[in-house]
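Chain letters run A, B, ... following the sequence lines, proteins first and then strands; every chain starts at 1. None of the values given here were measured: they were computed from a predicted structure.
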Amino acid sequence: MKKKVLEVKDLRINFKTYAGEVKAVRGVNFELYEGETLAIVGESGSGKSVTSNALMKLIPQPPGIYAGGEILFGGRDLVQLTEKEMMSVRGNDIAMIFQDPMTALNPTMRIGYQITEVLLKHKKTGSRSEAKERAIQLLDQVGIPFPEKRFRAYPHELSGGMRQRVVIAIALAANPKLLIADEPTTALDVTIQAQILELMKEIQKKSNTSIIFITHDLGVVANIADRVAVMYAGQIVEYGTVNDIFYNPKHPYTWGLLGSMPDLDNNSNELLRAIPGSPPNLIDPPIGDAFAPRNEYALAIDYEKEPPMFQVSDTHYAKTWLLHPDAPKIPLPEAVARRIEGYQQGGE
Amino acid sequence: MTVANKILEVKGLKQYFGTKKAPIKAIDGISFDVYEGETLGLVGESGCGKSTTGRSIIRLYDITEGQIFFNGKNITEYKSRKDLLQFNREMQMIFQDPYASLNPRMTAGEVIAEAFDIHGLYKNKKERQEKIGSLLESVGLNREHANRYAHEFSGGQRQRIGIARALSLDPSFIIADEPISALDVSIQAQVVNLLKELQKERGLTYLFIAHDLSMVKYISDRIAVMYRGKIVELGEADEIYNNPIHPYTKSLLSAVPQPNPAYERKRVRIPYKHEENKEDAKVIEAKPGHFVYGSDDQVKRWMSS
Ligand SMILES: Nc1ncnc2c1ncn2[C@@H]1O[C@H](COP(=O)(O)OP(=O)(O)O)[C@@H](O)[C@H]1O
Ligand SMILES: Nc1ncnc2c1ncn2[C@@H]1O[C@H](COP(=O)(O)OP(=O)(O)O)[C@@H](O)[C@H]1O
Ligand SMILES: [Mg+2]
Ligand SMILES: [Mg+2]
């Protein structure tokens, strides 16, 4: 049995704004095990960043409000910790990487100094010279050429991909149990993205770190995830292993995401299966299933009552009334079915 | 089969920035044709010169060297206001960031009408309103949207307004510079579908610039791959995707993650090692319609590996 590292229960985050209270995260549940990667995927505004910032207690209060739920990590509920207690969790037990590496780097300081600071702060090394040695090791580990020389470089002297590597080195400095990466490759070119993904997997293999990887790119999800949470309008609407989500999707929103992507191997002249409309306003989330207005398979009940999470298998859950025993049996949209069939023939 | 018309011919285009002593060779001698009614995709990593290519063609810069023929006429020689206005009507651009390209104090209607106000393309107020309304409808918005401001629209809607604006002068050629890069996947699909439909209805020709290879492959008839200011490979979209020749193209394609876990578990990225361009490097038609930039030796070697 794998060790459970993190358990999030019914997490709710609101923001007070002039227009009203934004219900950004509306009852999120998930678990994370040692050495595994959970990808959180969904369109912008679905609550991915608020969820991950909430885990680090980085939600500004006000305007943010922890409106409910628990974040169980290392035998404690992080929601209940004081800011001082959280300071020792951040960077030490849980580290975070953002889309823009400059949010984590100080432009006026040499990168070597920034890494040694973290090492010394979290008491991972004794002396400054020991810290320097370890920092150079870390730079080397994240694939930065000439680490001794780069130790003295300023962030602006490095490319975007190299800066993100430095941020990863800083994140790894304290050897955290959990690494949260919020769209870490979104701003990078595809070849650099591929290298960063390889690096993260390699690190995970070595140190058994658990990773929460936030992205809106399904290709990246397929590459890095063991398990996947699909988010929509502040909730997880489908949750399962990477194979569950890509080969046996159950939620119409997941079908929509898969159908929106062009299929590289098929040169079809058909239009893409775009999801019509746009996500709902989270000040007054719709009654019932938040996806219903965009869902061509919506049932009458979708406009009245929020669906529960239905269990599909030991590992797979989806929040849609279509899984109710009395619901009409809806076959997978043809374009999605064809794509999955293609995967299983060509991809294996 | 009729032979397609070359609507655009780019010959030996160079666009340098910086100083004479230390030039930044954003475009370093590229040549390509675009056929009427097709979509030519332009891909490559950031900084390789894609936007500069688009901007040079639409005359936002005085080019450093080369010739650009549009409908057979050398547009780099256009000087008169009449010629320039006419060219302006024929060729329009759509940008990545619909937020940045829309003036926040203008209503959607004003944004769309700006160009035909300049060109005086309507008889009276009523006709102007009618034009705005029908443009909004052609991009899937409502007539009522004309009176709203940019901030009242979502990202996808703003891009639709950007498209309506580009269509306002009824152009024949549109340069779309990363038009979907800032949008969510589901919204990207809406916009790409819209572009495809408009192309069919109006017989538009697109130069579609993007760094997302999957979308480019989907929307393009042919693809040009750029690297450091040069087009290193150009050909039919399927051909480039299935039989890439240039090592840079191979590397780029090998890095694209696909929404298929089994494929991803096995995908091997091919690293790219740049070889300095050889003295005798040139554009070689390696197969019919499939062009590669390199020396004869290089292309022979790349094709056999
Ligand atoms: N400080 C804030 N004040 C008000 N609303 C916020 C704030 N931060 C986030 N939100 C809202 O929370 C929702 C979820 O945002 P976010 O988690 O950033 O989405 P994602 O990362 O999935 O794109 C959005 O509607 C966003 O506008
Ligand atoms: N106006 C400019 N002045 C100086 N350098 C520029 C200018 N525009 C672009 N460049 C440089 O030209 C190169 C190509 O840029 P660009 O065409 O924007 O690339 P892409 O669109 O492929 O990302 C880059 O090195 C960029 O820094
Ligand atoms: Mg986010
Ligand atoms: Mg560009």
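For A:Glu198, the part lying under 4.5 angstrom from a heavy atom of chain B is the side chain only. Looking at B:Val192, only its side chain comes within 4.5 Å of chain A, counting heavy atoms on both sides. Heavy-atom distances place the backbone of A:Pro276, and not its side chain, under 4.5 Å from chain B. For chain A, the nearby parts of B:Leu252 are the backbone and the side chain; heavy atoms of each come within less than 4.5 Å.
Atom CG of A:Leu272 is separated from atom CD of B:Gln188 by 9.5 Å, given to the nearest 0.5 angstrom. The line from OG of B:Ser214 to CG of A:Asp217 is 7.5 Å long, rounded to the nearest 0.5 Å. We find the CZ-CG distance between B:Arg267 and A:Leu197 to be 8.0 Å, quoted to the nearest 0.5 Å. Taking CG of B:Leu183 as the reference point, atom CD of A:Glu43 lies at 11.0 Å (rounded to 0.5 Å). Put simply, NE2 on B:His211 and CG on A:Leu188 are 10.0 Å apart, with the number rounded to the nearest 0.5 Å.
In terms of modelled atom types and a separation under 3.5 Å, the side chain of B:Tyr272 and the main chain of A:Thr191 share no donor-acceptor contact. Checking side-chain atoms of B:Gln190 against main-chain N and O of A:Ile275 turns up a donor-acceptor pair under 3.5 Å.
In this structure, the side chains of B:Pro257 and A:Val221 stay at 4.5 Å or more apart for every pair of heavy atoms. Side-chain contact between A:Tyr253 and B:Ser186: absent, with no pair of heavy atoms (C-beta onward) separated by less than 4.5 Å. Within the 4.5 Å cutoff, the side chain of B:Met215 has heavy atoms near those of the A:Pro262 side chain. By the 4.5 Å heavy-atom criterion applied to side chains, B:Gln157 and A:Ser278 are not counted as neighbours.
Per-residue heavy-atom pair counts under 4.5 Å with chain B were compared for A:Gly256, A:Gly277, A:Pro279, and the maximum is reached by A:Gly277. Most heavy-atom pairs under 4.5 Å with chain A: of the set B:Ala255, B:Pro271, B:Pro259, B:Ser181, this distinction falls to B:Pro259. Counting heavy-atom pairs closer than 4.5 Å to chain B, the top residue among A:Ser44, A:Ala194, A:Gly45 is A:Ser44.
With a 6.0 Å radius and a threshold of 12 heavy atoms from other residues, nucleotides or ligands, B:Lys273 has its NZ atom at or below the threshold.
Each of B:Glu264, B:Arg265, B:Gln258 was checked for a side-chain hydrogen bond (donor to acceptor under 3.5 Å, both in side chains) with A:Asn223, and the lone residue meeting it is B:Glu264.
Residues B:Ala262 and A:Tyr247 approach most closely at N-OH, 2.9 Å, considering heavy atoms. Summarising the geometry of B:Asn260 relative to A:Ala222, their closest heavy-atom pair is N-CB, 3.5 Å, with the distance given to 0.1 Å.
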